[in-house]
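In what follows, every heavy atom counts, from backbone to side chain, and hydrogens, waters and symmetry copies are set aside.
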Amino acid sequence: MSLKPPKKSDLNKSWMKPKPDRKLKLQPEYHLIVSEGTTTEPAYFEAICDIINCQYREKIRVEVFGEGDNTINLFWKAKKKAADNANGYRHVWIVYDTDEFPSEHVDQVVNLCNENSTEETDYHAVWSNQCVELWYLLHFSFMQSDIHRKEYWPKLTEQLGKIGCGAYVKNRKDMYQLLWPYLDFAIANAKKLDKRNQGKMPSKSAPETKVYELMEKLRPYLQQV
């Protein structure tokens, strides 16, 4: 018999009813974040992972992996990690940029997530068109112009300079901490873009980012002290 704590989805089954003298221990909700990048995105999400896993280990646990792969390949790597994990992941988040990848590959990840989601595991396509730096910029202002991804960097440097935090460079490791005070503003701005692009596939939604969906899910566990 397995000694693992039961999953929430099993609690209503007759064979899971506790005996009068025994309390059931709930298994934490496991989240897997798998990113295309190996430094920029992992640094941001690992800061989140550290906060949550330190303060809420009995309720939720988060694991982050930077795979250095993109779109469809990234999805299959994420699915393999989920299948190999003995605890089982309730949510699997595939984080990738559209960049200049083929449109059909960018869009296919959404289809793969929908097709492979089950009652046990939800797969989420967390794409940014064109890049994750759009998510960073939305912490400071609403932006709906479709510009090249490299144009985001000087804009970020300008905004960071206004709050006395120096220049933006790729792979900067303190972005979560710097952006935290503006998180709710970023979520609101991202939702505006989402509404503007409603009904479009990722490759046609420029600019837009789905990072806000992941952050909204984890937001209740991100109160910092």
Side-chain angles (χ1 to χ4, degrees), residues 2 4-13 24-38 40-98 106-129 132 135 176 179-180 183-184 186-187 190-191 194 201-202 208-224:
S2 173
K4 289 195 305 178
K7 298 177 181 178
K8 292 180 181 179
S9 58
D10 288 336
L11 292 180
N12 292 326
K13 297 178 181 178
L24 288 176
K25 183 179 179 182
L26 290 178
Q27 180 176 353
E29 183 176 85
Y30 284 85
H31 289 248
L32 171 65
I33 301 173
V34 180
S35 71
E36 167 194 345
T38 58
T40 301
E41 294 95 335
Y44 180 82
F45 290 115
E46 282 169 3
I48 294 168
C49 177
D50 290 343
I51 293 168
I52 292 175
N53 290 348
C54 177
Q55 298 184 28
Y56 299 96
R57 284 188 63 82
E58 299 306 313
K59 293 183 178 181
I60 180 173
R61 297 186 193 176
V62 181
E63 295 182 355
V64 179
F65 294 92
E67 285 297 321
D69 216 328
N70 57 72
T71 59
I72 296 175
N73 289 339
L74 187 65
F75 171 83
W76 291 116
K77 285 187 175 182
K79 186 171 184 184
K80 184 177 187 307
K81 283 188 178 295
D84 291 344
N85 186 277
N87 292 308
Y89 292 105
R90 182 64 188 88
H91 294 279
V92 178
W93 307 87
I94 295 106
V95 181
Y96 64 102
D97 296 343
T98 63
V106 169
D107 297 337
Q108 182 61 15
V109 179
V110 176
N111 296 329
L112 288 169
C113 287
N114 292 335
E115 293 166 1
N116 286 271
S117 290
T118 66
E119 288 186 4
E120 298 295 327
T121 304
D122 280 330
Y123 287 86
H124 308 267
V126 185
W127 49 270
S128 296
N129 189 344
V132 74
W135 168 247
Y176 173 74
L179 298 176
W180 156 252
L183 176 59
D184 292 336
I187 290 173
K191 284 183 172 181
D194 198 13
M201 292 301 286
E208 186 173 349
T209 176
K210 291 289 188 176
V211 175
Y212 84 89
E213 293 183 344
L214 168 55
M215 297 305 296
E216 238 187 351
K217 185 69 174 178
L218 300 181
R219 181 69 177 82
Y221 306 100
L222 290 175
Q223 295 298 333
Q224 295 178 325

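R90 places none of its side-chain heavy atoms less than 4.5 Å from the side chain of E120. Contact check for V62 versus I48: no side-chain heavy atoms found under the 4.5 Å cut-off. In this structure, V95 and V34 have side chains that are not in contact, with every pair of non-hydrogen atoms separated by 4.5 Å or more. Contact check for V126 versus I94: no side-chain heavy atoms found under the 4.5 Å cut-off. In this structure the side chain of W135 reaches within 4.5 angstrom of the side chain of I187, judged on heavy atoms. Between V110 and P202 the shortest side-chain heavy-atom distance falls below 4.5 Å. Using a 4.5 Å heavy-atom cutoff, the side chains of L112 and I72 are in contact. At a threshold of 4.5 Å between non-hydrogen side-chain atoms, the residues N85 and L32 do not count as touching.
Of the inter-residue distances, the one linking Y176 atom OH with D50 atom CG reads 10.5 Å to the nearest 0.5 angstrom. Between atom CG of residue L222 and atom CD of residue E216 there is a gap of 12.0 Å, rounded to the nearest 0.5 Å. The CD1 atom of I52 sits 7.5 Å away from atom NE2 of H31, with the distance rounded to the nearest 0.5 Å. For the atom pair Y96 OH and S35 OG, the distance stands at 13.5 Å (nearest 0.5 Å). Of the inter-residue distances, the one linking H124 atom NE2 with I33 atom CD1 reads 10.5 Å to the nearest 0.5 angstrom. Rounded to the nearest 0.5 Å, atoms CD (E46) and CG (N53) are 11.0 Å apart.
Taking the six-membered ring for Trp and the full ring otherwise, the centers of Y123 and F75 sit less than 6.0 Å from each other.
Salt bridge status for E213 with K210: present, with a side-chain N to carboxylate O gap under 4.0 Å. The pair E67-K81 counts as a salt bridge, with a side-chain nitrogen and a carboxylate oxygen less than 4.0 angstrom apart.
Side-chain atoms of S117 come within 3.5 Å of backbone atoms of C113 as a donor-acceptor pair (strictly under, hydrogens ignored). Side-chain N or O atoms of Q27 include one that pairs as donor or acceptor with a backbone N or O of N87 at under 3.5 Å. Remark: the backbone N or O of D97 is paired with a side-chain donor or acceptor of E36 at under 3.5 angstrom. The backbone N or O of V92 sits nowhere less than 3.5 Å from a side-chain atom of D122 that would complete a donor-acceptor pair. Between the R61 side chain and the R57 main chain, a donor and an acceptor come within less than 3.5 Å of each other. Judged by distance alone, with hydrogens and angles left aside, the side-chain atoms of D69 form no donor-acceptor pair with the main-chain N or O of L74 at under 3.5 Å.
T209 and S128 make their closest contact through OG1-OG, 2.8 Å (heavy atoms, listed as atom of the first residue, atom of the second, distance).
Taking the six-membered ring for Trp and thresholds of 30 and 60 degrees, Y56 and Y221 have ring planes more than 60 degrees apart, a perpendicular arrangement.
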Could you go step by step and tell me if Q108 and T71 meet the side-chain contact (heavy atoms from CB on, under 4.5 Å) rule?
-> CA-CA 8 Å; Q108 182 61 15; T71 59; over 6 Å; no
Could you check Y89 against E63 for side-chain hydrogen bond (donor to acceptor under 3.5 Å, both in side chains), going step by step and ending with a plain yes or no?
-> CA-CA 10 Å; Y89 292 105; E63 295 182 355; 2.4 Å; yes
Take D184 and R219, measure what side-chain contact (heavy atoms from CB on, under 4.5 Å) needs, and give me the verdict at the end.
-> CA-CA 9 Å; D184 292 336; R219 181 69 177 82; 2.9 Å; yes
